[in-house]
Amino acid sequence: TVRRATTITIVLLSIALAINYREVEKMYERMVTQRDRDLECFNRSNEEKDKNNLDCLKLHVPFIGNFHFACRLIIAAFALICYVNSVHGEFVFDDTEAILSNRDLNLETPLADVFNDDFWGTKLSSKQSHKSYRPLTVITFRWNVWFAGGLQPFGFHLVNILLHVAASLLYLEVCNKLLGACRKRRTTSCAFLAAFLFSVHPVHVENVASVVGRAELLSAICYFIVILMYIKCCDAENCSMLMILWLLSVAALSGCAMLFKEAYVLLMK
């Protein structure tokens with residue numbers, strides 16, 4: 001019953017947000033216009049050195065904040081609310097093999113072994129190896145073990161939720177770049193709704209609630225950052241050392257993404 005009520009509440013809030021979003025956006029635009037007029041009036045009064053002109057500021061409508069920040073806050077909040085109950089979960093299904101039975105998560109195991117074994121802790125040269133090569137993801141598991149002092153599922157699940165929040169916020173930035181490239185506003189309605197749907201869509205349940213799904217989360221974060229960095233390079237007016245550094249960073253981050261999950265190589269096409 002509680003789950004159903006929570007689901008219905010989220011759905012109703014989503015519908016209400018989608019319906020009222022345009023009205024909120026119009027109100028924000030009116031406030032920005034009023035603010036710009038006030039600033040123009042203030043600057044003009046300074047240039048003319050006429051203090052009497054400052055009376056026009058009495059009509060000032062308070063600017064209540066950055067709408068782009070509000071959109072990010074809403075997306076982060078819903079991404080957190082939808083999956084916060086998973087922090088109380090245990091290690092299930094593939095988690096038992098990748099976490100509990102993985103010798104590479106033992107802090108006494110040399111770190112170099114992580115790069116010689118597959119995702120499940122089996123030697124890559126072994127015939128029983130799954131050949132899933134995700135050493136950087138395994139290293140994040142080791143960090144969880146080191147920080148918590150053992151195999152505590154709470155920390156593993158909490159990190160996954162925070163990574164999902166980060167991925168949702170990065171997706172908003174990507175949508176802003178791709179959907180709002182020709183508009184002056186930092187956040188467009190289409191970008192916000194797309195990112196909001198991404199943050200609450202149930203297709204992400206397996207990747208967030210299951211600890212082994214961290215590989216997809218980390219790879220997705222790298223993928224979104226790579227897109228933003230590449231767009232930054234394309235926006236550059238001329239070839240400079242900074243742009244070359246951006247491109248090298250894109251290549252390096254793409255390599256890291258493949259070490260989080262090997263399937264990232266398909267996205268590079």
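With rounding to the nearest 0.5 angstrom, the SG atom of C222 is 11.5 Å from the CD1 atom of I227. The OG atom of S254 sits 11.0 Å away from atom CG of L259, with the distance rounded to the nearest 0.5 Å. The structure places CG of L169 at 11.0 Å from SG of C71, a figure rounded to the nearest 0.5 Å. Here the CZ atom belonging to F198 is positioned 4.0 Å from the CZ atom belonging to F224, to the nearest 0.5 angstrom. Rounding to the nearest 0.5 Å gives a distance of 10.0 Å between SG of C175 and CG of L193. The structure places OG of S129 at 5.0 Å from CG of L124, a figure rounded to the nearest 0.5 Å.
Residue pairs that meet the salt bridge (charged side-chain N to carboxylate O under 4.0 Å, His left out) test with at least one member in residues 246-263, sequence neighbours left out, are R134-E262, E216-K261. Sorted by first and then second residue, the ring pair (Phe, Tyr, Trp, His ring centres under 6.0 Å) pairs involving residues 86-106 (not counting sequence neighbours) are F91-F156. Counting only residues at least two apart or on different chains, the side chain to side chain donor-acceptor pair (under 3.5 Å) pairs with a member in residues 137-158 are T140-R214, N144-R214.
Taking the side-chain contact (heavy atoms from CB on, under 4.5 Å) definition, one finds that L80 meets it with I161, V165, sequence neighbours left out. Take H164 and apply the ring pair (Phe, Tyr, Trp, His ring centres under 6.0 Å) test, not counting sequence neighbours, and it matches Y83, H204.
Taking all atoms of both residues into account, the shortest heavy-atom contact from S199 to I75 is CB-CG2, 3.9 Å. What you find for N85 and C82 is that their closest heavy atoms are OD1-O, 3.8 Å. The heavy-atom pair separating Y171 from A195 by the smallest distance is CD2-CA, 3.7 Å.
Under the 3.5 Å distance criterion, the side-chain polar atoms of S210 are left unmatched by any main-chain donor or acceptor of N207. S219 places no side-chain N or O within donor-acceptor distance of the main-chain N or O of A215, the cut-off being under 3.5 Å. In this structure a side-chain-to-backbone donor-acceptor pair under 3.5 Å is present from S249 to L245. With hydrogens and angles disregarded, no donor-acceptor distance shorter than 3.5 Å links the side chain of Y230 to the backbone of L247. When atom types are taken as modelled, the side chain of K177 and the backbone of I231 share no donor-acceptor pair closer than 3.5 angstrom.
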*asked:* Using side chain to side chain contact (heavy atoms under 4.5 Å, CB included), reason through V211 and F141 one step at a time and then give a plain yes or no.
replied: CA-CA 9 Å; V211 176; F141 292 156; 3.7 Å; yes

*For L172 and N176, what are the C-alpha separation, side-chain angles and deciding distance, and is it a side chain to side chain contact (heavy atoms under 4.5 Å, CB included)?*
CA-CA 6 Å; L172 173 63; N176 282 331; 3.8 Å; yes

*Walk me through it: do L218 and L136 pass the test side chain to side chain contact (heavy atoms under 4.5 Å, CB included)?*
CA-CA 9 Å; L218 291 169; L136 294 187; over 6 Å; no

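Inter-residue side-chain proximity for L217 and F260 is flagged as unmet; no heavy-atom pair is nearer than 4.5 Å.
Residue L253 forms a side chain to side chain contact (heavy atoms under 4.5 Å, CB included) with just one option from I221, V226, L248, and that option is V226.
Hydrophobic clustering (side-chain heavy atoms under 4.5 Å, transitive across Ile, Leu, Val, Met, Phe, Trp, Tyr) groups V205 together with L158. Hydrophobic clustering (ILVMFWY, side-chain heavy atoms < 4.5 Å, transitive): V92 and V159 are in distinct clusters. Cluster membership check: W246 shares its hydrophobic cluster with L178, using side-chain heavy-atom separations under 4.5 Å among Ile, Leu, Val, Met, Phe, Trp and Tyr. Under the 4.5 Å side-chain heavy-atom criterion for ILVMFWY residues, no single connected hydrophobic cluster contains both L197 and V174. Residues F147 and L151 are members of one and the same hydrophobic cluster, defined by side-chain heavy-atom contacts under 4.5 angstrom among Ile, Leu, Val, Met, Phe, Trp and Tyr.
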Show the atom names and distances, to 0.1 Å, of all donor-acceptor pairs under 3.5 Å that link a side chain in residues 99-107 to residues at least two apart or in another chain.
residue: S101; atom: OG; partner: T96; partner atom: O; Å: 3.1
residue: N102; atom: OD1; partner: D104; partner atom: N; Å: 3.0
residue: N102; atom: ND2; partner: A98; partner atom: O; Å: 3.2
residue: N102; atom: ND2; partner: F119; partner atom: O; Å: 3.1
residue: R103; atom: NH2; partner: D117; partner atom: OD2; Å: 3.0
residue: N106; atom: OD1; partner: E108; partner atom: N; Å: 3.0

